[in-house]
Each structure stands twice: as C-alpha cells, then as structure tokens.
Amino acid sequence: MHYYLDFEQPVAELERRIEDLRRLSDGRDINLTAEIKRLEKKAKELRTEIFSSLTPWQKTLLARHPERPYTEDYIHFLFTDFLEMHGDRRFSDDPAVVAGIGRFEDAPVVVIGHQKGRGTKERIIRNFGQPHPEGYRKALRVMKFAEHFRMPIITFIDTPGAFPGIGAEERGQGEAIATNLLEMSKLKTPIIVVVIGEGGSGGALALGVGDRVFMLEHSVYSVIAPEGCAAILWKKNDREVGPDDYAKAADALKLTAADLRKFGVIDGIIEEPLGGAHRDPKVAADAIAVIIRESLQELIKTPIPNLLDERYARLRAVGSFTERMD
Amino acid sequence: MPWFKKDRAIKVTSKKAKVPEGLWVKCDGCKEIIYKKEVEKNLKVCPKCNYHFRISSRERIALLSDNNTFEEMDAKLSSKDPLGFKSVTSYRDKLKESMANTGLNEAVISGKAEIDGIPVILVVMDFFFMGGSMGSVVGEKITRAAEMAVVESLPLIIVCSSGGARMQEGILSLMQMAKTSAAIGRLKDAGMPYISILSDPTFGGVTASFAMLGDIIIAEPKSLVGFAGQRVIEQTIKQQLPNDFQRAEFLLGHGMIDMIVDRKHMKETLTRLLRLLQ
C-alpha cells in the first residue's frame, strides 16, 4: 500500500479499484483484464495531469514524502563497494549525515548526504535528517579525505535544516556550517551536488557548494521552510497559521527546481518518474546516474585551478541588485 | 451609577514604567530607567549594568574609525525584488520604508577607513535596516569588501548585526552565505587578517557564514549570537533555555569566540590587534 498525499486522492481511489479488480480476478475465470487496462490508462492520465501542475506547496509535501528515496537508497542504486565512514574525530558521529567511499562506474568517489530515516525508530536516530555540528564536521573531514586522495565528491541534499537545539548551539552550529561553505569553495576536487528532497536553508547549503548543482524535479530548496515563513509573515496573537498560509508562503518563496533554474542557482533539473521518485526509485537513480556521469566527464578534464576559478565565479554571480552609475 | 468607572486596563498598564519619549530610556538589560544623556555619553552602554544598546552603523563607524577617514564604497548598490515577494506589505514597500527610517540604502555600509592611522577595510551592518538581514546587496557588498581587502592588501573588519538571511529574496539570500564565505576564503589564502566583531544580535545565515569565520572573533558583552533563534529552539526541544544561552559569555565559555570587549575599549583593542598583525 502506498502512502498518498491529499492531492493524490483521485489517483489513489482509482488505484484501489484496480487493486480490487486484480484480487477479484485472481485465480478465477472472470477476465477483467480489459477493465483493469482501461482503469490503469485512466489512472496514468490523471496522474500525469495532477503532476504536471503541482503547486510549490504540493511539491514541498512531495519532497518530504515519507516514501521518497533517501541518500542511502540512492547510494544503493548508484555506487558499488560503498563503505561508510563515521565520526568527526572531535566529538561524535552524527547519524543525520551519511558519508563514505564507493565506486561510481568503477571510479572511486566520495559520497556524502543527509539521511532522514524511515519509520519512527530510525527517524529518531537520524534526527529527521537534521544534523548537529558534528555532522557537518564529519562531512568536511570526509571531503578533505576526498581531496587528499583525489576523488570527486557527490553530495545528496535532503534536510529540513540544521538542528535547532542547545547542544548544537553550544558546539557551534553556525561555525560548522560557515566553515563548510568556506572550505567547499576551495576544495581541490570536483563536487557534484544533487538536491533529492528537501533543501532546508543553511543546513542544506552546508553540503551544497559545488561545481555542478542539480535538483530532482519535485525537490525544493529554500532559505526558510514555508511554515516558518508563514509564521513570520502572518502569525499574530489572535491568528494561527495553517496549510493555506503555508501554500501562500511556498508560492512567495520561489523554491521549486524550475524557480532555481531560472535564478541560475542550479545547472539542471533531473526528471522524476511519474508520480514522484518514490514510485520508481530505480528510474530516478538512473536519471541521476546520467547526470553524474556527464558532469564527472567534464569536471575531471578541467585543471584544478580553472575548476576553482569557475566555482568561485559561479558563487560570485548569484544575486540580484542594481548599481547606479552616477 | 458612579460618575467615573474605574478602568482596569488603564490600571494594569500604569503599573509598567512608562518612559517619556526623549529624556529617559529603559535598559533592556537591567530594566532600569536611565537618563538618556547619561547613556549617550557612555557610548550607549548602560552605566548600571553594562548592557550595550544596539547602535546604528553610522555611530559604529564614528566609534571605530579615525575622524573623517571613512570613505564609503559601493554606496550605489540597491536591492531589487527578484521574487516579486508579496505578503501584507510588498518587499519593495518594506525597502522604501527602511530607507526612509534609517537614511540608509541597505543593511550594511562598507568602506576604507583608518583606525589609529592604520588603513583597513571596515564593514558595518545595521540592524535598524530590516533587521540587518542579508540579501543580494549585503552579500555583494561584503564580498566586494573582502575582494578589495585582497587587492589593496588591507585587513578586513566586519561588525556583524543581523537576524540572518533575508527571507524576501529567498534562495538568492541563502546563496549569499556561500558567496561571502568563498570571498573570505580567498582573503585567508591571500594572508590578509579578518577580524569579525559580533554585536547584538547576530543570527542565522550571517552567523553561519562570514560572522564565524574571523581569524579573530570579538563580541560585545551580552550580545546574543547564535544560529537558530531562541523561539524556534524552544518550540523544537520543548525545554527552557539556560539563562545566558547564546550570550557572548556563553559563546566564550564554549570556545566559539576569542574575546569579549567593552564598547569603550573596542577601538583600542582593534588598534593593538592590527599593530600585532602588521
């Protein structure tokens, strides 16, 4: 049984009926194939229609879908010989960040990503994918390892944000993120970033500085979550905020892959299977593989000084302002 | 029927100390009512509890740089509204309002200055302009200042004061964190010193980028500095926060900053540092 979001209910209804018909025809003589085929076609059409016009808020919900493939799922599909590396060598090992080495089509690479966890128990262990400073420091340590052994880095972004807590502040959440931003901007090895789900603010960006940045079609990337934005804008003593406000905030924030492409923040959008990556994780992973392959081929050929200049230029160019010339 | 009805609401508010506009101010630190002139004479520091009031970027520049040495750079940069951001008031209106209220173009002023005769690049954020939030212009000005410090081989000093990244410019604000941090990275590679001064308050995307990247990090006493805001933390962990949580003294205790310096000693401390680094 799949988990359906509210806006998927019409499709869910059809798919339940198809399921019922299948069960009904199973092991009996009645042939319902024609009817099933007809409904399947209808479900596909309906799904295509719904998914071609998702609102930014619906995309946000889809990006957080509990069945959406996480970093570890993509590691499983994309890399062989993967070995996880643990710990920041300073304080602890943060399960909200996964890091390690493996092979991408025979070439050794370093892979790093946020990991949300599936099911209540793992979700808690992974802290819902919200890293503490030690998570970012582990990531940086492994990135330095990659630089040292000349391996390209591939990062997967999927977090609601860096964890807001007492320990996180005591151990320098801000400093940990800032240091990653600085260090990633001059790491002497290619970095490819793929936003696979939620790109939650600074906590996402701390793994997100690279030479190529891509987003999955239904992922989102924002300076603040729509809920937080709505609370700041509209929450007053006598007024609570709700889903309608979140939807408005999601519109205003321009957080979809298409928006970011338009702003020149990302290099491309990776198409997802119909209904979202969780409907067919293998297909989603294959699409990511194509992008990684192409990017690696280009980046490996680029001399490191040029690579770093281009990386700096890419960061340098982001922004929108006017400058009077009088 | 009595002639006058006692109004309870009025009675309640009258309990609170009402501060007459102009003459007196209430200290946010010790809640004492202090004669305003006395506070101003004391560099806007409470003479009773040493609470450092927030000051404008202009006041800060006057405090830190030698008289008439500050030459502003990049003064003609101003924000656009790349998202077409709409809420109760539009972003454009909010910008106009902030400009009118502060007389500033944006939430940061940058320029060349001298501190006790030593030339530096001085950047000062202004909390009174949209909470010192970092959008494209703030990010660009800080980046240019860091690049100028490299070109001119000058030390960089940034006085931080910000609620974080500016929501109204969405992802472009977020990316200013990476842009400014990369520029600081280049400054470090060039071997020029960067001194970061944290003033009340410094939060979010500013803490998580250039603010915490100083070769030397100094904070004003009792300044609130952190990544996540206290309300967000309380709502997330459902616990009461320690008393001095995210205060400068808390950061010093946890190894996050080098020193806490009173406003009245800030310039002198900078001078000593700059001489040692020359």
Side-chain angles (χ1 to χ4, degrees), chain A residues 130 133 161-166 168-186 199 201-206 208-209 221-224 228-229 232-234 248-249 251-255 259-260 263 265 311-312 315-326, chain B residues 74 76-80 82-88 135-137 139-140 143 165-167 169-186 188-189 203-205 207-213 225-229 232-233 236-237 239 241-242 245-246 250 254-256:
Chain A
Q130 303 167 94
F163 186 64
I166 295 176
E169 295 292 321
E170 285 175 334
R171 299 193 290 279
Q173 189 72 286
E175 190 273 343
I177 294 171
T179 301
N180 278 22
L181 300 180
L182 187 152
E183 293 293 341
M184 288 184 88
S185 77
K186 50 185 208 181
S201 197
L205 185 62
V209 177
Y221 198 172
S222 178
V223 68
I224 185 169
C229 177
I232 292 173
L233 291 178
W234 300 302
K248 267 195 287 174
D251 280 340
L253 284 167
K254 303 276 188 286
L255 44 63
D259 291 321
L260 268 72
F263 289 131
V265 172
R311 193 184 299 159
Y312 187 76
L315 295 171
R316 188 71 191 75
V318 181
S320 158
F321 53 84
T322 52
E323 185 163 21
R324 275 186 297 120
M325 290 294 174
D326 48 40
Chain B
D74 306 316
K76 287 164 187 162
L77 293 189
S78 53
S79 292
K80 293 201 314 202
L83 273 55
F85 196 92
K86 288 181 289 273
S87 69
V88 186
S136 300
V137 170
E140 179 72 16
T143 303
R166 188 174 294 170
M167 195 170 72
E169 288 186 34
I171 195 75
L172 297 177
S173 296
L174 186 72
M175 292 301 151
Q176 302 309 310
M177 293 168 61
K179 174 164 142 183
T180 53
S181 300
I184 299 293
R186 296 223 147 178
K188 292 196 181 211
D189 287 348
F203 272 89
T207 302
S209 60
F210 58 87
M212 292 308 291
L213 293 173
V225 178
F227 174 67
V232 172
I233 297 177
T236 308
I237 62 172
Q239 283 174 36
L241 301 174
F245 188 60
Q246 296 180 325
F250 173 93
H254 285 93
M256 291 302 144

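All chains are named by letter (A, B, ...) in the order of the sequence lines, taking the proteins before the strands, and each is independently numbered beginning at 1. Note that these values count all heavy atoms, side chains included, but never hydrogens, waters or copies made by symmetry.
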Hits for salt bridge (Lys or Arg N to Asp or Glu O under 4.0 Å) against A/D259, two or more places apart or cross-chain, chain-then-number order -> none
Those residues at least two apart in sequence (or on a different chain) that pass salt bridge (Lys or Arg N to Asp or Glu O under 4.0 Å) with B/E140 are A/R316, B/R144, B/K179
Between [options], which shows the greatest number of heavy-atom pairs under 4.5 Å with chain A?
| options | value |
| --- | --- |
| B/G205, B/A183, B/A178, B/S78 | B/S78 |
| B/S173, B/G204, B/S181, B/G139 | B/S181 |
| B/T143, B/T236, B/L213, B/V137 | B/L213 |
| B/T180, B/I184, B/L174 | B/L174 |
| B/T207, B/I233, B/L172 | B/I233 |

Here the gap from B/M167 atom CE to A/I232 atom CD1, rounded to the nearest 0.5 Å, amounts to 5.0 Å
When rounded to the nearest 0.5 Å, the distance separating CG of A/L315 from CD of B/Q176 is 10.0 Å
Give, as side chain, backbone, both or neither, the part of [X] having an atom under 4.5 angstrom from any heavy atom of chain B.
| X | result |
| --- | --- |
| A/V265 | side chain |
| A/L205 | side chain |
| A/S222 | backbone |
| A/R311 | neither |
| A/I224 | side chain |
| A/L255 | neither |

Side-chain touch [X]/[Y], heavy atoms, less than 4.5 angstrom:
| X | Y | answer |
| --- | --- | --- |
| A/F163 | B/I237 | yes |
| B/M175 | A/Y221 | yes |
| B/M212 | A/T179 | no |
| A/E175 | B/F227 | no |
| A/V223 | B/R166 | no |
| B/F85 | A/L233 | yes |

#### Entry: NZ (A/K186) with more than 12 external heavy atoms under 6.0 Å
yes
Scored by heavy-atom pairs under 4.5 Å with chain B, the best of A/A206, A/S201, A/A168, A/G202 is A/S201
Tightest non-hydrogen contact, residues A/S320 and B/K80, listed as OG-CE, 3.3 Å
Nearest heavy-atom approach of A/I166 to B/Q239 is CD1-OE1, 4.0 Å
Quick check: does any side chain N or O of A/E169 sit under 3.5 Å from a backbone N or O of B/V225, one acting as donor and the other as acceptor? no
Check your understanding: Okay, side chain of B/S136, backbone of A/G319: is any donor-acceptor separation there less than 3.5 Å?
Key -> no
The interface call for B/F250 against chain A, heavy-atom contacts under 4.5 Å, is side chain
